[in-house]
Number of protein chains: 2
Amino acid sequence: MNTGVAPKLSTLDVVQLEPSVPAQQAADDGDRSNTLADRVLQDVLDRIAGGEFEPGSVINEVDLARRLAVSRGPVREAMRRLEGRKLIARNPFTRARVVSLGHAEIREIFEMREGLEGMATRLACAHMSDESLCALIGAVESAGQTPSAFDLHRHIAENCGNGRIRDLLCDELYYLLRMYRRQSGDAPGRRAEASEEHWQIASAMNQRNGPLAESLMRAHIRRATEHLVAIEAASRS
Amino acid sequence: MNTGVAPKLSTLDVVQLEPSVPAQQAADDGDRSNTLADRVLQDVLDRIAGGEFEPGSVINEVDLARRLAVSRGPVREAMRRLEGRKLIARNPFTRARVVSLGHAEIREIFEMREGLEGMATRLACAHMSDESLCALIGAVESAGQTPSAFDLHRHIAENCGNGRIRDLLCDELYYLLRMYRRQSGDAPGRRAEASEEHWQIASAMNQRNGPLAESLMRAHIRRATEHLVAIEAASRS
DNA sequence: CCGGCGAAAAGTGTCAACATTTAATTGCAT
DNA sequence: ATGCAATTAAATGTTGACACTTTTCGCCGG
């Protein structure tokens, strides 16, 4: 049900937006949201991440506005910001749809990751603090029992010292990947190999060997890509 | 005058938005703009690219609305899309400003380019059509007299076969670089070396040698980065 | 029974007025 | 004259109503 609409709901089913802080400590947990449009944006982002708005589904402005008990103005502004982020696609007068990711788009995202995360890994080797690096090593060594409590890729992106790369990876690409994984169930694991490759990358980073770490990271992502296209070919037979 | 406001203009100074096509062949020259917000967006983009809105200057919604003879709604929606693209920054109730690029941001952009354009070059070696490659070779060989009529970087990005990388490079990063060049005059040339490096890259691409072309492109961008930080250090003394 | 045609419904785009917040200015006390 | 506080001005945020477009549903003819 990829082309369906978002779940229709009655007028009475109104959810309460978390109340705005009284304009004092907006930097509470990172979501500075004093305006309604900001809160609508955050809400839609959460719904997309949470799987409530499936990829390809239609987002209805008036329904969303009713649901959030706000006017259509803030809703429209939030949608325009999502549009600028390329998370929803729209044609002038037709409904806006959550972007749906096909195999081609996923391949593009993985190619982008190969270039960006390779560079991020190299930069992290030079910029990352010793404490952060130790935390990374420890977390990678004890991987397996805590599968998603610590994400090597995200940690590298967040500490690479390049805010633009960090934002692009964490706020957009990883977001899209989560959408895709939710959309087309978790692929059959490659976790053992991935863990081994993660350990190699962390080891190279521990030596502050930027070029080697970059090369390993790129190979790691390329193998994941090949694994993905293999899955895709198998599912198409 | 980096912190100034955008040029104030009287109420009577109204410019005419180019009239919308009658909803038939909107794909005329790539600017599908049937809604007012779309035209406002395109107008602001042109003004930023044209240097009328300097980096760091504030954009006044009501002035802009008056100037374009539209209401504030479309203006706000265009601004939100620009905000999603990270071309303007805003805090909840304060004026929105065109992003201003310091040396740190430029360095980040060049690091991003190194990763992305390297990958784009490798992909282009595999995906680019023979005709497109011939056009590239010919244009690079006859460089010098037609300095900006043909841009190697843009041509590679547009033909790399990865729409996401293409959009990010052409619609965002190159845009920001143009802003920066306009902001802090053209750096003292490195055109001879750049031309030579361009020729090497094109030669590797002509052999469809992806890894070599990628390596050359990355080295090319890294040299440009080092040149830029040298300029910066000199100007700071 | 099916396909084109037309009207009603739904949805998006635009506008002008109102509320709220920030910035600027004025006035006053020191 | 300078610095601080209250007031005024300006800009942004929000709302409901209206205009335009698309889609849908019903109708008629074949």
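Just so it is clear, the structure is predicted and the values come from calculations on it, not from any experiment. So you know, we letter chains A, B, ... as the sequences are listed, proteins then strands, and number each from 1.
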Q: Rounding to a whole Å, what distance do you find between B/I88:CD1 and D/dT12:C1'?
A: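 After rounding, the gap between these two atoms is 13 Å.
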Q: Kindly state each residue pair satisfying salt bridge (charged side-chain N to carboxylate O under 4.0 Å, His left out) with at least one member in residues 155-165 of chain A, sequence neighbours excluded.
A: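 As it turns out, there is no salt bridge (charged side-chain N to carboxylate O under 4.0 Å, His left out) pair with a partner in residues 155-165 of chain A once direct neighbours are skipped.
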Q: Just call it for B/A96: base, sugar-phosphate, or nothing, with non-hydrogen atoms closer than 4.0 Å on any strand.
A: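 Counting heavy atoms under 4.0 Å across all strands, no contact is made by B/A96.
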Q: So, is B/R80 close to the D/dG13 phosphate, meaning a side-chain N or O under 4.0 Å from OP1 or OP2?
A: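 Yes, because at least one side-chain N or O of B/R80 sits under 4.0 Å from OP1 or OP2 of D/dG13.
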Q: Distance from B/S100 atom OG to B/E54 atom CD, nearest 0.5 Å?
A: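 Separation between the atoms: 11.5 Å.
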Q: Could you give the CZ-to-P distance, from A/R95 to D/dT22, as a whole number of Å?
A: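 Roughly 12 Å, once rounded to whole Å.
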Q: Quick one: is B/T35 getting a side-chain N or O under 4.0 Å of the C/dT14 phosphate, OP1 or OP2?
A: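 Yes, B/T35 has a side-chain N/O under 4.0 Å of OP1/OP2 on C/dT14.
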Q: Before accepting this row, confirm whether a basic side-chain N of the pair A/R80/A/E77 lies closer than 4.0 Å to the acidic partner's carboxylate O.
A: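 Here A/R80 does not pair with A/E77 in a salt bridge, since their nearest N and O are not under 4.0 Å apart.
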Q: Below 4.0 angstrom, N of the basic side chain to O of the carboxylate: do A/R67 and A/D43 qualify?
A: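 Salt bridge flag = no for A/D43 with A/R67.
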Q: Could you state the atom-to-atom distance from CG of A/N60 to C1' of C/dA10 in whole Å?
A: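 Checked: the CG to C1' distance equals 8 Å.
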Q: Can you tell me how far C1' of C/dC15 sits from CG of B/L68, to the nearest Å?
A: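 For the pair B/L68 CG and C/dC15 C1', the rounded distance is 15 Å.
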Q: Quick one: does any side-chain atom of B/E117 pair with a main-chain N or O of B/I221 as donor and acceptor, under 3.5 Å?
A: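 No; zero donor-acceptor contacts below 3.5 Å.
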Q: Output a table of nitrogen or oxygen pairs between the protein and nucleotides 15-20 of chain D separated by less than 3.5 Å.
A:
| residue | atom | partner | partner atom | Å |
| --- | --- | --- | --- | --- |
| D/dT15 | OP2 | A/S71 | N | 3.0 |

Q: What is the separation between atom CG on B/L64 and atom C1' on D/dT12, rounded to the nearest whole Å?
A: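 Atom-to-atom, B/L64 to D/dT12, this comes out as 14 Å.
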Q: By nearest atom, which of the nucleotides D/dT14, D/dA11, D/dT23 is closest to the B/R76 side chain?
A: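 Given the options D/dT14, D/dA11, D/dT23, the side chain of B/R76 is closest to D/dT14.
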Q: Do any N or O atoms from the side chain of A/N162 and from the backbone of A/I165 form a donor-acceptor pair under 3.5 angstrom?
A: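 Side chain of A/N162 to backbone of A/I165, a donor-acceptor pair under 3.5 Å: yes, one is there.
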Q: Using 4.0 Å as the upper bound for N to carboxylate O, is an ion pair formed by A/D63 and A/R72?
A: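 A salt bridge is absent here (no side-chain N lies under 4.0 Å from a carboxylate O).
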Q: Quick one: A/I59 CD1 to C/dT12 C1', roughly how many Å, whole number?
A: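 From A/I59 CD1 to C/dT12 C1': 14 Å.
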Q: Find the distance A/N34:CG to D/dT12:C1' and express it as a whole number of Å.
A: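 Distance check: A/N34 CG to D/dT12 C1' gives 13 Å.
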Q: Would you kindly give the CZ-to-C1' distance between B/R90 and D/dT12, to the nearest whole Å?
A: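 Interatomic distance, CZ of B/R90 to C1' of D/dT12: 9 Å.
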